[in-house]
Every structure is written in structure tokens, then in C-alpha cells.
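Heads up: the structure comes next, in C-alpha cells.
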Amino acid sequence: APADEPAGRDGVAGTVTVFAAASLTESFRTLGREFEAAHPDATVTFNHAGSSALAAQITQGAPADVFASASPVNMTTVADAGAVAGTPYVIARNQPVIAVPKGNPGRVAGLADLARPGVKVALCAEQVPCGTAARTALATAGVTLTPVTLEQDVKGALAKVRLGEVDAALVYRTDVRPAAADVDAVEFPEAAVAVNDYPIAVLTDAPNPVAARAFVELVRSDRGRAVLAAAGFQQSGRG
Amino acid sequence: MTVPADAPPRRRRPGQRVPVALAVPAALGLLFLVLPLIGLLARTPWDSLPQRLTAPGVLTALRLSVQSATLATLLCLALGVPLAWLLARAQFPGRRIVRALVTVPLVLPPVVGGLALLLVFGRRGLLGQWLDTTFGVTLPFTTTGVVLAEAFVAMPFLVIAVEGALRGADSRYEEAATTLGAGRWTTFTQVTLPLIAPGVAAGAVLCWARALGEFGATITFAGNYPGRTQTMPLAVYLALETDLEAAIVLSLILLTVSVAILAGLRDRWIGHP
Amino acid sequence: MTVPADAPPRRRRPGQRVPVALAVPAALGLLFLVLPLIGLLARTPWDSLPQRLTAPGVLTALRLSVQSATLATLLCLALGVPLAWLLARAQFPGRRIVRALVTVPLVLPPVVGGLALLLVFGRRGLLGQWLDTTFGVTLPFTTTGVVLAEAFVAMPFLVIAVEGALRGADSRYEEAATTLGAGRWTTFTQVTLPLIAPGVAAGAVLCWARALGEFGATITFAGNYPGRTQTMPLAVYLALETDLEAAIVLSLILLTVSVAILAGLRDRWIGHP
Amino acid sequence: MTAPPLDAHLVVDRGGFRLDVPLRVAAGEVVALLGPNGAGKTTALRALAGLQPLTAGHVTVDGVDLDRPAGDRWVPPERRRFGVVFQDYLLFPHLSALDNVAFGPRRQGLDRRAARERAAGWLERVGLGGYARRRPRELSGGQAQRVALARALAVRPRVLLLDEPLAALDARTRLETRAELHRHLADHDGAALLVTHDPLDALALADRLVIVEEGRVVQEGDAAAVTARPRTDYVARLVGLNLYRGRADGGRVRLSGGFTLASTDRVDGDAFVVFPPAAVALHPRRPEGSPRNTWPATVAGVQRHGDNLRVQLTGALDAAADVTPAAVAQLRLVPGQQVWAAVKASETRAYPA
Amino acid sequence: MTAPPLDAHLVVDRGGFRLDVPLRVAAGEVVALLGPNGAGKTTALRALAGLQPLTAGHVTVDGVDLDRPAGDRWVPPERRRFGVVFQDYLLFPHLSALDNVAFGPRRQGLDRRAARERAAGWLERVGLGGYARRRPRELSGGQAQRVALARALAVRPRVLLLDEPLAALDARTRLETRAELHRHLADHDGAALLVTHDPLDALALADRLVIVEEGRVVQEGDAAAVTARPRTDYVARLVGLNLYRGRADGGRVRLSGGFTLASTDRVDGDAFVVFPPAAVALHPRRPEGSPRNTWPATVAGVQRHGDNLRVQLTGALDAAADVTPAAVAQLRLVPGQQVWAAVKASETRAYPA
Ligand SMILES: Nc1ncnc2c1ncn2[C@@H]1O[C@H](COP(=O)(O)OP(=O)(O)OP(=O)(O)O)[C@@H](O)[C@H]1O
Ligand SMILES: Nc1ncnc2c1ncn2[C@@H]1O[C@H](COP(=O)(O)OP(=O)(O)OP(=O)(O)O)[C@@H](O)[C@H]1O
Ligand SMILES: [Mg+2]
Ligand SMILES: [Mg+2]
């Protein structure tokens, strides 16, 4: 068990296992390297998957120290199972944008354009955070539309924009950034009400709670925020 | 060998003695396949079952799943059985390469397979563009797209199973058929196919089941729209995002229906050759 | 029928004439399977290929994929072939039910399958709890877990393919073997298995390919730890999050390696019975 | 050991066909099972070998029940020590001729080398020493049949079941293989059952004949008894005699068709009469003189038969007659031709039915 | 049409075995292909039917080349109109007997009903009217063989290839089926090739015999010619004669072993001598008197042969002798016994090799 490993100078040592949403892969990889540099006796192991799958694994007793979810819903599931130690912190927020193929062939300038006939739109299904966000934003804008597809995750919606299969999709800003070669982002005012939170928490059964707390601290630190911001996440107030 | 005189005669009926060396692994295998199902059943919220069953969209998704998987299987049979025959019986240059190519969709992650389908049949795809401008046909986001995606992923199962059956079959019956005036096509339909019927049935079952459970290629190529392209696996995956129990119940519904169909079909279809 | 006198003699070698009714659908089928691959290749960033190939973790994931798929296939062979034999040759009450149960993992969405495995073999699962406390063995999130998840999903392919082959085989050779003093086990290994070798090979290929491409059950049951449980499909999934091209390249690597292995093995293995 | 090596009463129901055959074979005895196609010979062998469960009756070897439905007894084929030559050989297609023959010895615990050595010996004995490495599909029909015979003999079985083991052999090989089999059977102290359609095989190899028709035993006995007094058309044809049934009254037998045959044998009541085709003389006109049985007949067909010709006659008495080619030419024996047939009473044999 | 229905020169290389057989069959002619096991008979039929491509030579039917490697000609089996009875029947296991027979007629364009009617007629003719609905696995060996024969005949082929079509039939059915086949072949104006091991079948059905050994034709001619003057051991056995080869000098033939046989036929140079086993007389001591050929011999074996017994002799001259059972008893003819054999010069036939 990792907890039995000898403690380093600051008590942070051994393996810390982080279950994190797939969309945090790149940012957390950077942070993990920095964490290991700062704590030579510690190793970070990531398990990246969909937040819901991670939540299921944790409730089934997976040996995890930290859970970073892409939506509060899955964090709630875990918390309701009594697996969260303390309160989750929001580490980042993600704002919806309209992704359009390079050059914007559908000439989409705002949410209202999505309802134009002939414009093919991909949304996320309402079960996933980007779907909830899209619903909120559209409701706020008073737009009703019939998408051609309700994607299971942002990647699916984005892929269809990249390949020109749809003229627009409601996705997150962080998603558009790595696809900038094929995709343009159209910001819209209603996005403000549909921001999605990324909560993080140390888990009750964490085998290595000391290191777990240290990792969460790193993510919440200024350095952590900077890395997340570089990936396109919005800042969140502490707590 | 035992002399009969030493051997205490045992109970009757042959066919019933199963050697331990076979029975034990078989039982283990069965257990391994069945235990997880029991785990699921233990977790199923039985009291909420009726209302979930009648929830809107469930029956539609179920019907769509069964229909599109069946259509995909028919498509695979129509194209895949001849392909298997070609691989097993015809000699042509590049046969090794063709055989290797057939296995491609097997190992391609389904999502990537869906992407590949989009690259070919999508609005801006190699063929899709032409289909769109010439016939006004678009395949993504349609039920046809679901069938195509499922067929793409499931066809290798059929081809490989049927090719295996063909290689195991005695080709001398085919020779006998040709001496009776049957060309290759007649020989194929009248002699070869009936002879390898169990193999084709097994292949079709695999193909159908794979198509029925197909998720990644379908959602990537055909998207997810209730009533049009949302099959049961898609519904299950979406339910998983928020509601484990709902996902389990949906899976069990899919399971029950498909196992019932398979059990009903196979005993009749495979028969005892 | 044509009288020879009317028929202009044609070129030599039998085996080379392929009837149009077979050649056309076979070609269509092949095209359908190959076109998407061409689409992918057209989209592949060839210049970045070398650096991606040598990117850290890729080779590890590849090795892990091939190893665990191979182990899963061996496990499936060990348990699945006896199970198939039981279904095809033994008479026992409830055989229909057993046969139906075998198809369960086929139609269970893989993620749900992974969940079901967690429910049974997880630390809090029906069996996992006991395994943990008694032997200190935990299966989830280990390489063994990957093998188990893959075997669970892939075994039905083997069982059904082998059962089909067994039903198609002539059981009189087995009778002949018993009169020569071979018990059921010897008959099975010395006569039955060699006779259905092509069918077993086909089943093993399907099983291996299915295990190699397995994603949902693996990520759910075994997690996604680089170097331990991150197989290529999982790596592809993560790459898809950020970088479509990377995902395509990874898929192509997986594809090339597995198709090469299959092509190498099958021509040698299946042979010409 | 007082119990006979093989004592069986085979009752098998098989979709409309019913076999009901009692069989006893003494130590060292070879019994030929004869009968027309579809009589149930193969079914009987399969039931003995345990490949076809009995409906009733029993199979008992050396006093031990191997199959007795009434007593709920059953010994599986692999523990019966029966050697079987199947009518369609059933050589394992994936094994070489040598390994096919070595299969049985291997199962008896011999190691691979010893088993192959024994197998090579057997292949040599059936004249196939040079074919050891061939696969069954690369053998000719007659070669495959000899491999099948070698395979069955190589296990030194307690009971040998041979289903037409020589049918595909050429005349010479047949003689040699028959001689080899004869040698083997002479040393064999178990039971042997031989199914054959060739009376020569049966006479050369078997101590006793059992004739089965439509699933039942119709006649049984040693070669002399059976050949002298056939009791069914099948047996009569087999031994080459014309057979008739009727009511005898001393030296005269009145056939059901109305014709009366004179014989020098005296019997009363239901009786059979036989005479050989060679005893039938054909004449263009009604013959005068000694032959007591004469009748007008029509030629139905003429076929070569050895050096002579066999003429099929219909008329008051359907009969076969063997005549010389010269006689055929002289009498113009073409189908449809009217002739007179004559058989001396002394050439007929009559015996109770 | 002046071209013969079948004119072929079959050259086939098959893993160490080489077939090289020229064959010409005239219109309406039936040729029996005889030869020991493994001689290449089945291979020849397969080559004719187009199932085994020729290495060289040609297959020409009615003047049209169906296979000629040199001329790059090839007609596939289904367009050859050859009817084939396979040595192992190859009945389609998934079809009933009726549908097996109807398969060919269906391919000729008959509708299902008409094809089945024709098939039913053929089944009737081979005596299997009641077995139409049986699957091959539910037929006995002889029944299956007759279905195979009916299936081949039902397509009314231009060339008939029969590979031991009567081997599995019982004596009576064999006679009847042979007669049926004879009727059919008599009406047949195409070519027919019959492979058989039974000289009776060959003599009854064939106009001409072609003897093949080790892939080559060793003798050829009508029945009378072949039976009178066998040229190989195989043929001699087939027709039941003792055959020797040597150098003749008028009425004396000096064999390679040193023994000299006297014959009333006069030949010079390389010659064959034959005499029938029945011509051999056995004596306990050296016989005095007329027989010009006498030699001491050892009994190697005794087997029943028809009503008589056939004694195999070794010694200066290996020979078979047919003697009566009485003689065997009187001379105590057991293996190892020394006897004197005698053959009259007038019973031998000598002819140039
Ligand atoms: N599986 C079956 N179902 C129904 N009837 C069968 C089956 N197998 C054989 N029969 C019938 O049983 C009878 C006996 O068949 P069997 O094979 O024992 O004959 P046989 O004496 O060996 O004949 P042959 O000399 O032709 O080989 C035949 O009439 C055959 O048609
Ligand atoms: N596929 C093969 N490969 C190599 N040799 C073969 C093959 N098939 C047959 N042979 C050999 O060719 C020779 C001729 O075989 P064929 O079957 O023509 O004999 P046959 O005259 O029909 O004999 P039989 O009377 O026993 O049926 C045999 O020695 C056989 O072993
Ligand atoms: Mg039989
Ligand atoms: Mg042959």
C-alpha cells in the first residue's frame, strides 16, 4: 500500500492516484510533472476517463486519492456515496462557445443563427454537462432548435464540426483551442449563465491522503490556475 | 486399455458422460460469463423497473436497435458471405492482402472507425460529397447511417467465421455438384451454403450481436438522435452519465430481448445438421 | 445445360473463374471495408508520424495491448473451447439456457460489462471482497483486470465460432476414435480439435481482435493507468480528447501491427485443411 | 472362461426400421453376417460397438454385460475393446496412414515410437509399407480400405467387427488380404463378425453364416448347411441355386403357382426345392425322354457368367439356366425367345420348409 | 459425327504418381477400366471429368477439346456433360435421396416437379422407390451407392464415368442393378467407362477391357482376347489362370526360374504360358504316364473356392490348383505338405509376349 512508503521531507511521498476527467489530461500531465519535481519521493498516477465512469469506479471502491470531475453532478454522486473527504473545490470553469468549421460556412454569428433552417447543429445530450449548458444558454436566448444529433460528449460534437458534418456545435472553449486549425469559436453573450464547474476533492478512502492534499493544493495554487488557464479554462474563485 | 471384465458397467446413455478435463473449464468459463450478469441483477432496482420500461423513448430505441442490427446483418450476409467464399475458395493475386484488410475494422477502435466512415461517406467525404451533389443523399445522422456503421464494424465477424467454416468443409461435394452441371454459383447456393449452414449461422449471430451492441462507430458516424439514430447502447451510455441504475435497467432490457431473440432463432436455425 | 460442342473452350486452370454473382458483392464488401481505411490514410499527418511513433507511452501501450489481448485469447481458448464442445456435443438439461447465457457479453454494452465486472470482482464486489480479504488479490486497475475485461467481452466470439465449427464437423470420426479406445477427452484433443482447426483458428482470430480493440469494459473495470492498464484503444480515446490526428495515427499503428500479426499467423495457422 | 466371447441380442429401433437379431459367437469363431442391402448388418455392428444404443436386448462379452437397457447397464465404446472396420473407412483425415493405424495402440498406452512401429508392421502386412506417410485423401479407395483394416486389427481387439472390409480391393489384393485376415483370424481367440456380400469371402473366412433379412435372422449355420438348403431367395441367389417353395407329397412338390416339381428326395408338408442353374437344359422343342420336369419358358435375359452364359427364364417356373455359348448361338437365345426347359428329378433337392 | 464420343490421352502427375493413359471410346461402347488398387483408375476418371487438370495430353469429346494444356483449352466440369459415380458416392448430405437424384435434372433446366418426377423414376429403377425422402446418412451403404448411380444416370450424360458403381451391392441387387445398368448402357449412344474389380461386372457390361497398372495401360482388348491371353499377373489372376513368362522354342517354354513347360502350342522367342488351376492335378508321388509337365511342390495354403478348394503351391513353379474337397482330404493338403503337381501339355496355352 502506498501509504506505507517512507515520508519525504515534507511528508509528501509515495504514489498519489488521481482520477481525473479526460478533458483535464493535458493540464494535469503538466501539473503532475511539476508535483513530482517538487516532491521527489512522490509519484502521481493518473486515471483519465469520463467523469461518470470514474465516479462509478470510486463508488465501487477503486483505490483513488483524488477525484477531479468535469461536472458537479458526478462529484455529487461520489459525495452522496460518502466517498469525499471534506467539500469539493471548484478548480476551473468552462464556458460554452459555438464551434464552427474554419471559415464559418454556415455564417453563424450567435445562438439565433443556429435555429435558421438549413443550419445543421450538433448539441450534447442533456445528460452530460455540455448538454445542460447548451440547454440553459438556448433557453436564456429564447432559441428553440432541432439539432441533428445529441452527442454523448464534447469530442463527438467537435469532431463533426471539424469534418464539416455540421455547421455549428455548442462546445466548451477549452475544446476548441487544440482544434484551432479546423475550427473557429464564436462567442455569445448567453454563455455566461451556462458556465460549467470542475470540482476536485480528496477521497475518504484515499490510501495516501497527505500527498492527495498536497496535489489538490498544487492544482488550486496560482501555478495550477495558470496551467489551467493556459488550456482555456476560466478562473474560479477559491472555494 | 481396460478389459471389459475389469470394468464395472456404468449407467446407460452415451453422450452424457462429460470428461472432467472438459467439464471443469467449461463450467469455469460459463461462470465467468454469468457471474457479472448476476452482479448486475443484484444491483438492479427491480421496483422501478416497470416505470423505466415504459419510459418514453425506450421502446423506440429498442426497436431501432433490433431493426438496424438486423438490416446490418442482412447487408453483411449479402456482401460478407461472397467475400468469405472468395477468400476460401478462389485463387487470385493479393489474396493475403485482402484477407488482412478484412480484419481492419476488427481492430480499429470503433470511434476511429466512425471517423473513417465520416471521412468517406460524410458531407465532405471522398464519396459522400459525390453522393450528396449527385443524388442528394446524405448518410450521417440517418438510420441508414446507423446500419452502415454497424455493418462496417460487424462484417469482419461474419466474414472470418464463414471463411473458417468454408475451409473446414469438404470441397469434394462441390466437385460432385459440378459434374452434375452446377456452375460455381449454383454449387455455392445449392451445396456449399447448406453444408456450412452452422458456420454461417454462427457468423450471423456474432455479426448481429456485435451490431446490436455497437456504440462508438454509430455515435460518431450517425450521431445520436432519439427515434432516428439513438440505439439502445447509445441510450445506455447517456444514462450512464447521470444514472447508473437507469443504465443497468436499459442494458438488461436490451439483454433480455436480444438473448430471447437469439435463443429463439438459434435452436431453430442451427438445428442439428 | 450447354453441350460441349456449342461451348467455345475457355482458358485453363479451374479455381480461377469466379461467378459474377459472387465477385460483385464480394468486391463491394471489400470496398466497403477498405474505403474508410483509405479515408483515414488520406487524413493521416505522415510527416509527424515518426515523432508520434516514438512518443513516450505509445510503444508501452502497444505492447500492453498485444500482450493482454493474447493472454485474454489464451484464457478464452482454455475455457471457451470446452464450453463450445459442451454446447455442441453433450446433452444436459438447460442447454438452451446455457447457450443463451453465453451470448450475454456479446450484447451487453461494454461499459456496462465493465461495470458488471466491477460489481463482481471489484473491491466491494460479490467475489472481489472475498478475494481481497482471503488472498489479498484485487483485480480491478491491474493488468490482470485488463485481461479479464477483454476475455469477458471476447469469449462469446470464440465460443460461438467454435460451436458452429463443431456442429458442422462430421461426428462419425469421433465414433471411429472411440472404437479405437479413445475416451472423450482423447477423442476431443486427438480427433475433434484437429478436424475443426480452421474453425478454432477463425474463432481465436475474432477473439483476439475483439480483445485488442476492447475499450469500454477495460477502461471501466481496469481503469486507464499508463503502463499498467492503458491499452492502445484507451490511448486513442485520450488522444481524441485533444488531437484528432494523434488519435488517427495511434489507430493506424495499432492497425498495422495487428493486421501484420494476423496476416502472419493466419496463413500459417489456418493452412489448407 | 465358459461364457462365449460374444453373446448378444440386438434390438434396435431406428426410424421405421427394426433390428432384432440374436447373436452368439464362440471363442475363436468367425461369423459372417450376410444379407441384402438395408438388412441391418451395419446397424447390428454399430449396436455391438456401442455406437447405437440398444432399444432392448443385451450385448454381453465374456459374461459381462456391456449394454442391457433393462438392467441399466452401459459400457462406452472406448472401453469395449471392439475393433471396427467401417463400411466407409472413416480414416482420420488429418493423420497420415501410419498415425491412423498407430492411433489405437497409442490409446492402449504404447508410446509414440512403439505404436508407430506396430502400425508400420500392420501397414506392411496389408501391402502398404510404402504409403505410411500418405494422408487418407492421397490414397486410392482400395488403399484406404486396407489402412482401415490395419487400424482395426492393430488394437488386437477382443471382438472384431468387419463391415465389408474387402469390398474395394482388386482381385489379387483381395486374395492376399483375405489370406492375411485369415491368418489373423485363425490366431484370434476372441469373436469376429464379418459383413460381406461376397460368398467367397464368407466361405473362405467364416466358420458360420448368419443371414439377416429385414432386421431378422432368416437362416443360420455352417457353410455346407446353408449352401445345401437355402431358405430364402436371397440365400439361394447367394449360393447360386434356383429355389421354390410349395407343399410336398413324397417325391412331388406342388408350388404355389400351380406347377409341380418332381424330386428324388421324399418330403411331406411345406417344403423347399432347389436345383442349380447348370442342371437346367434348354431345348427348342419339348424334350422327350428322361427329364421328369419340363416346362415351356421365355428367355428374359442372357448374361455372361464365368465361361458360360446365364439365361433368365420366365414362364411356369422362373429360373436361371447356365448354358454354353455354343448352346446360346444354336438356340438363338435372345430375349423373348420361346424354349423348353428341363431338369432331371435327380438334380433337384427337396427339404422341409 | 465421325469423331469418337471420347478420345483422350490422360497425363497426370500427382505427387510421385504419374498417370499416362490413352483412351478412345466409340459411340455406344462401354469400356471397363481394370487394374489393381492404386493403378490410377480413379485418377483417370477425375481427369476426364475435369476435376483433376491434365499435366499433358488431352480430353476430346465429339471432336471438341475439353482439356488440352498444350493448346490452353479448358472446359469446366459443369459444362462437360459427364456423369460420374464416385467411389465414395459423395451424396449431398443435406438433400434427400430424391433431391440428390433431382439435382442434375434441375441443373439442366427442368422445374422442380419435373426434376423430382424424373428422379423418382430413377430411384424406382434402382429399387429404392420407398427411400426417396431419406437423407444419405439414413441409408445403408448399398442403398447410398444406388442413389449415387441414379444421380449420375439421371442427367443423361454424354460420357458416363462409373467408379465401382456396384461394389457395395448384395449379390441379388447387384444382378438386378447390373441388368438395369446394362439396359441403360445398351441404349446409350455416348461413351461409358466402368471401373470395377469384379470380372463378372466387366464381362457382363463392357465391350472392351483396358487394363491399367501403375498408371499405364498394360493390356487392352475384348473380353475373349484378354481372358485367353493375359499379359500380366494381375490379368491372369483376374481371369483365373496361372501365368508364366519365358523363352519359347517350338513347344517348349523355358522360364526364367529354369523350369521348362511343355505346351502343344508352338511359339518362338519371348512367350507367355498359361493354364487354369483346374488343369493342375496333385499326386502324393511322382505321377507316371501322360502329363508332360510334372514338378514337386509344397502346399502354401488352401482356400475354399466355389465348390472346390484352391491350393496355393510353391516350388519349381508357383501355381494355384483347384481340387475337390475329397482330394484335399485324401492327400492331406495342409500347408507344408509335399506333393507332385502335373499339367498336361494340351491344357496349357502359349503365345508370344
Ligand atoms: N439414421 C437412420 N434413420 C432411419 N433409418 C435408417 C438410418 N440408418 C439406416 N437406416 C435404415 O436401416 C436399414 C438398415 O441399414 P444398415 O445400414 O444396417 O443396412 P446394411 O445391412 O448394412 O446394408 P448394406 O449392405 O447396404 O450396407 C436400412 O433400410 C436403412 O435405410
Ligand atoms: N492427392 C494425391 N497425392 C498423391 N498421390 C495420390 C493422391 N491421390 C491418389 N494418389 C495416388 O495415386 C495412385 C492412384 O490412385 P487412384 O485413386 O487413381 O487409384 P485407383 O486405381 O482408383 O485405385 P483403387 O482401386 O484402390 O480405387 C495411388 O497410388 C494413390 O496413392
Ligand atoms: Mg452396411
Ligand atoms: Mg479408385
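Every chain is numbered from 1 and lettered A, B, ... according to where its sequence line falls, protein lines coming before strand lines. Owing to the predicted nature of the structure, the values given are computational and were not obtained by experimental measurement. Heavy atoms only: backbone and side chains are in, while hydrogens, waters and symmetry mates are out.
- Among all heavy-atom pairs drawn from R96(C) and A263(B), the shortest one is NH2-O, 3.7 Å.
- If you measure heavy-atom distances from L126(B) to chain C, the contacts under 4.5 Å come from the side chain alone.
- Heavy-atom distances place both the backbone and the side chain of V102(C) under 4.5 Å from chain B.
- The shortest side-chain heavy-atom distance between L108(B) and L40(C) falls under the 4.5 Å cut-off.
- Going from atom CG of L206(B) over to atom CD1 of I160(C) covers 5.0 Å, rounded to the nearest 0.5 Å.
- Distance check, rounded to the nearest 0.5 Å: CG of D170(B) to CG of D170(C) gives 9.0 Å.
- With a 4.5 Å cut-off on non-hydrogen atoms, F92(B) does not touch chain C at all.
- At a threshold of 4.5 Å between non-hydrogen side-chain atoms, the residues P25(C) and W85(B) do not count as touching.
- Ring geometry for F152(B) against F32(C) counts as perpendicular: the plane angle is over 60°, on a 0 to 90° scale with 30° as the lower cut.
- If you tally non-hydrogen atom pairs under 4.5 Å between each of S258(C), G199(C), P233(C), A247(C) and chain B, the highest count goes to S258(C).
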Might you work through the side chain to side chain contact (heavy atoms under 4.5 Å, CB included) test for L255(B) and V104(C), ending with a clear yes or no?
CA-CA 7 Å; L255(B) 209 68; V104(C) 163; 3.8 Å; yes

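- If you tally non-hydrogen atom pairs under 4.5 Å between each of S251(B), A260(B), G183(B), S171(B) and chain C, the highest count goes to S251(B).
- Dense packing is recorded around CG of L31(C), with more than 12 heavy atoms of other residues, nucleotides or ligands lying under 6.0 Å away.
- Most heavy-atom pairs under 4.5 Å with chain C, from the set G113(B), P105(B), G122(B), G39(B): that is G39(B).
- Highest contact tally toward chain B, considering only V112(C), L37(C), L101(C), is held by V112(C) [criterion: heavy-atom pairs under 4.5 Å].
- One distance of note links CG of L119(C) with CD1 of I38(B); it measures 12.0 Å at 0.5 Å rounding.
- Closest heavy-atom contact between L83(B) and G29(C): CD2-C, 4.2 Å.
- Only the side chain of V34(C) comes within less than 4.5 Å of a heavy atom of chain B; its backbone N, CA, C and O stay farther away.
- The contact between A151(C) and chain B is made by backbone and side chain atoms together, counting heavy-atom distances below 4.5 Å.
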Does L33(C) form a side chain to side chain contact (heavy atoms under 4.5 Å, CB included) with M155(B)? I'd like the steps, not just the answer.
CA-CA 8 Å; L33(C) 293 179; M155(B) 184 133 89; 3.7 Å; yes

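- Interface remark: L250(C) contributes no atoms to any contact with chain B (heavy atom separation under 4.5 Å).
- Between chain C and the options L148(B), L195(B), L252(B), heavy-atom pairs under 4.5 Å are most frequent for L148(B).
- Interface remark: A78(C) contributes backbone atoms only to the contact with chain B (heavy atom separation under 4.5 Å).
- Of all the listed residues (F215(B), W208(B), F188(B)), the one sharing the greatest number of non-hydrogen pairs under 4.5 Å with chain C is F188(B).
- When heavy atoms are compared at a cutoff of 4.5 Å, L244(C) approaches chain B solely by way of its side chain, counted from C-beta outward.
- For the atom pair CD1 of I97(B) and CG of L30(C), the computed distance is 11.0 Å after rounding to the nearest 0.5 Å.
- With chain B as partner, the option from A116(C), A42(C), A69(C), G213(C) having the largest number of non-hydrogen pairs under 4.5 angstrom is A116(C).
- Contact tally against chain B (heavy-atom pairs below 4.5 Å) for L117(C), L118(C), V111(C): the top residue is V111(C).
- Looking at L35(C), the atoms closer than 4.5 Å to chain B (heavy atoms on both sides) sit in the backbone and in the side chain alike.
- Annotation: side chain of Y237(B) is in contact with side chain of P109(C) (closest heavy-atom distance under 4.5 Å).
- In this structure, chain B has no heavy atom under 4.5 Å from any part of I196(C).
- Here the side chains of L240(B) and L115(C) are in contact, with some heavy-atom distance below 4.5 Å.
- In terms of heavy-atom pairs under 4.5 angstrom with chain B, the leader among P110(C), G216(C), S65(C), A161(C) is P110(C).
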